[in-house]
Protein chains: 2
Amino acid sequence: MEQILPHLDSVFSIDCVLFGFDGKELKILLIERNEEPFKDWWALPGNIVGPDESLDQSASRILYELTGLRGIYMEQYYAFGDPGRHPQGRVITLAYYALIRLGGDKELRPISTYAKRANWLPITDLPKLAFDHQKIYDKGLEKIKRRIKHQPIAFELLPEKFTLTQLQHVYELVLGKKLDKRNFRKKIVSFGVLKELDEKQKGVSYRAATLYRFDKRKYAKLFGKEISF
Amino acid sequence: MEQILPHLDSVFSIDCVLFGFDGKELKILLIERNEEPFKDWWALPGNIVGPDESLDQSASRILYELTGLRGIYMEQYYAFGDPGRHPQGRVITLAYYALIRLGGDKELRPISTYAKRANWLPITDLPKLAFDHQKIYDKGLEKIKRRIKHQPIAFELLPEKFTLTQLQHVYELVLGKKLDKRNFRKKIVSFGVLKELDEKQKGVSYRAATLYRFDKRKYAKLFGKEISF
DNA sequence: TTACTTAGTGTAAAAAATACACACTATATT
DNA sequence: AATATAGTGTGTATTTTTTACACTAAGTAA
């Protein structure tokens, strides 16, 4: 986060790439800056780490201030600290990615003063970003691409109950490629971390799909044994 | 790195887990602290990031000061910043792992004042470490375990010319398990990144093994296609 | 009732992973 | 010169995993 620059030798901040999935597209939350430098540019949300916060707490706080939500899944992935990355001084920033399902619609809340507004923008069509935020975003996407192959993070982007087609859709968007339906189902079911529900999808004008849920218990029992996509 | 505490709100440092392989064991370089806190304890080498250094430059410098060597392979892997991790104030540290081959014997050089001495200690028998350095080390080992499966980092621990048995040994030590000789050879050769030399091992009192070299060109041609162990 | 749209399913072929044991070769020893 | 020693180097059969591929079933809308 870049807006406050106290007169210290260096500032330590956290920036978040918050990925959201609305059932159709993969988006990230960007804020439009209201202050120099990069006034009117889009930027990743971020902030300075408080003196008594842990790094994870700080990232949680930032996400809470943006969305009003607690308990968002997130993980730190890289520190950026080139001396020239901030025009006004030394700012070392630790990047987090975070994953959230969109659609509740009341996730966005009034945001702090350094931003005019925040917006969900599809990753297929991002504007130019302030600072080195393009680099930070790129690395974040790369990270979740890798991560989704081995860890059950796709479920963070979906509602609690979801169809296999929706799940496949998430994988396809993150990995950036089409997957074969039958092979996908075979594989994802074989991991044994999905619970098939008795329920069906509702409100669709075609055959309703079976709903599934991610079964944390079963996953815990795998005990580190890795999923491999 | 923990020894200097200027009166700032927070200090940003880098700590390094430098892994070395001497042909037999996997070791890490630890320093014995000469200052409070944790005087006389073993700790990971580290230092504060200078105002005009990038993060990687800072890590390189730390490694150079310790070993007199430049160009050591290294990579940042995690930031540790719990408010309580340093007894005397807020220190956020970014951890790097680094890999080096031992055996040249002149790698260690006089070190800075906060340490009495530096020593290579086998990872199978580490002492208690200062601060949260055990946690930092654990995560570093975990990281290279993961990384060695997909990236050609094993070669950083070996001399330029090595035998397949030595290479297998590195994999076994890092992964912490025995591998089948024939299957290992089949697989590692199938990646197509090794160049078989005309040379043989010397000075052994048994059948001399063929020497190999990591072929960077061939690896570059794979163009991101991942090795998978 | 028909048209439309997505759900859901199986199999054969190819590729990759695994398990497994012995003869070869260079040196050191007597 | 013969022998002991210690690590090198190799092949195959079996199992498992991955891939490619297309049609019927079910529900809704007209």
Side-chain angles (χ1 to χ4, degrees), chain A residues 21-25 148-150 154 158-159 161-173 175-213 222 225-229, chain B residues 21-25 145-146 148-150 154 158-159 161-173 175-213 222 225-229:
Chain A
F21 179 63
D22 61 6
K24 293 244 163 84
E25 285 177 305
I148 205 172
K149 291 185 177 177
H150 304 293
L158 289 167
K161 299 170 183 180
F162 52 84
T163 70
L164 294 183
T165 301
Q166 288 165 345
L167 183 59
Q168 180 176 348
H169 198 180
V170 167
Y171 272 89
E172 288 180 338
L173 285 172
L175 297 176
K177 66 177 181 194
K178 281 259 164 222
L179 301 171
D180 177 84
K181 180 158 75 161
R182 279 178 290 191
N183 294 337
F184 177 83
R185 286 168 179 237
K186 212 186 307 173
K187 197 162 186 179
I188 207 89
V189 167
S190 78
F191 293 150
V193 298
L194 293 183
K195 185 181 173 70
E196 184 174 348
L197 304 177
D198 287 334
E199 253 170 293
K200 302 254 163 191
Q201 218 177 4
K202 268 176 193 144
V204 288
S205 70
Y206 45 79
R207 177 177 178 182
T210 304
L211 291 171
Y212 288 77
R213 162 181 294 162
L222 295 185
K225 206 184 286 176
E226 277 204 342
I227 285 171
S228 192
F229 226 90
Chain B
F21 178 63
D22 61 7
K24 292 245 163 83
E25 286 178 303
K145 269 189 187 176
R146 197 172 281 266
I148 205 173
K149 291 186 178 176
H150 304 293
L158 289 167
K161 300 171 181 179
F162 52 83
T163 69
L164 294 184
T165 301
Q166 288 166 345
L167 183 59
Q168 180 176 347
H169 198 179
V170 167
Y171 272 89
E172 288 180 338
L173 284 172
L175 297 176
K177 66 177 180 193
K178 281 262 165 220
L179 301 172
D180 177 86
K181 182 158 74 160
R182 279 179 289 191
N183 294 337
F184 177 83
R185 285 166 181 239
K186 213 184 307 171
K187 196 162 185 180
I188 207 89
V189 168
S190 79
F191 292 150
V193 298
L194 293 183
K195 183 181 175 69
E196 184 175 349
L197 303 178
D198 287 334
E199 254 172 294
K200 302 256 163 189
Q201 217 177 6
K202 269 174 191 146
V204 288
S205 70
Y206 44 80
R207 176 178 180 181
T210 304
L211 290 171
Y212 288 77
R213 161 182 294 161
L222 295 186
K225 204 184 286 176
E226 278 205 341
I227 285 170
S228 193
F229 226 90

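In what follows, chains are A, B, ... by sequence order, proteins preceding strands, each numbered from 1.
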> Please check if the distance between the ring centroids of B:Y171 and B:F184 is under 6.0 Å.
yes
> Rounded off to whole Å, could you give me the NZ-to-C1' distance for the B:K177 and C:dA19 pair?
15 Å
> Apply side-chain contact (heavy atoms from CB on, under 4.5 Å) to residues B:K187 and B:F191 and explain how you reach the verdict.
CA-CA 7 Å; B:K187 196 162 185 180; B:F191 292 150; 3.9 Å; yes
> Give a yes/no on whether any side-chain N or O of A:T165 is located under 4.0 angstrom from OP1 or OP2 of C:dA7.
yes
> Under a plain distance cut-off of 3.5 Å, with no hydrogens placed, do A:T165 and A:R185 share a side-chain donor-acceptor pair?
yes
> Which residue lies toward the 5' end of DNA chain C, B:D180 or A:K181, if each is placed at its nearest nucleotide?
A:K181
> Can B:S228 and B:K149 be counted as having a side-chain donor-acceptor contact under 3.5 angstrom?
no
> Report the secondary structure of DNA chain C in dot-bracket form, marking unpaired bases with a dot and bases paired to a different strand with |, and treating Watson-Crick or G-U pairs with both distances under 3.5 Å as paired.
||||||||||||||||||||||||||||||
> In whole Å, what is the span from the CZ atom of B:R182 to the C1' atom of D:dA13?
12 Å
> Take atom CG of B:N183 and atom P of D:dG9, then tell me their distance rounded to the nearest Å.
16 Å
> Which nucleotide sits closest to the side chain of A:K187: D:dT18, D:dC21, D:dT8?
D:dT18
> What's the CZ-C1' distance between A:F184 and C:dG8, to the nearest Å?
14 Å
> Determine yes or no for a side-chain-to-main-chain donor-acceptor pair under 3.5 angstrom, with B:Q201 supplying the side chain and B:T210 the backbone.
no
> Let me know the distance between CD of A:Q168 and P of C:dT6, rounded to the nearest Å.
14 Å
> Would B:K177 and B:E172 count as a salt bridge (charged side-chain N to carboxylate O under 4.0 Å, His left out) if you check the C-alpha gap in whole Å, the side-chain angles of each, and the deciding distance to 0.1 Å?
CA-CA 5 Å; B:K177 66 177 180 193; B:E172 288 180 338; over 6 Å; no
> Rounded to the nearest Å, what distance is computed from the CZ atom of residue A:R185 to the C1' atom of nucleotide C:dG10?
14 Å
> It should be established whether A:K186 places a side-chain nitrogen or oxygen under 4.0 Å from OP1 or OP2 of nucleotide C:dG10.
no
> Of the residues in residues 195-209 of chain A, which ones touch DNA chain C at a heavy-atom distance under 4.0 Å?
A:Y206, A:R207, A:A209
> With rounding to the nearest 0.5 angstrom, report the CZ to NZ distance, A:R213 to A:K195.
8.0 Å
> Rounded to the nearest angstrom, tell me the gap between atom CG in A:L179 and atom C1' in D:dC21.
15 Å
> Please work out if B:T210 contacts a base, only the sugar-phosphate, or nothing of the nucleic acid, heavy-atom cut-off 4.0 Å.
sugar-phosphate
> Given atom CD1 of A:I188 and atom P of D:dT17, what is their separation to the nearest angstrom?
16 Å
> Are the side chain of B:Q168 and the backbone of B:L179 linked by a donor-acceptor contact shorter than 3.5 Å?
yes
> Do A:F229 and A:I188 have side chains that approach each other closer than 4.5 Å (heavy atoms only, starting at C-beta)?
yes
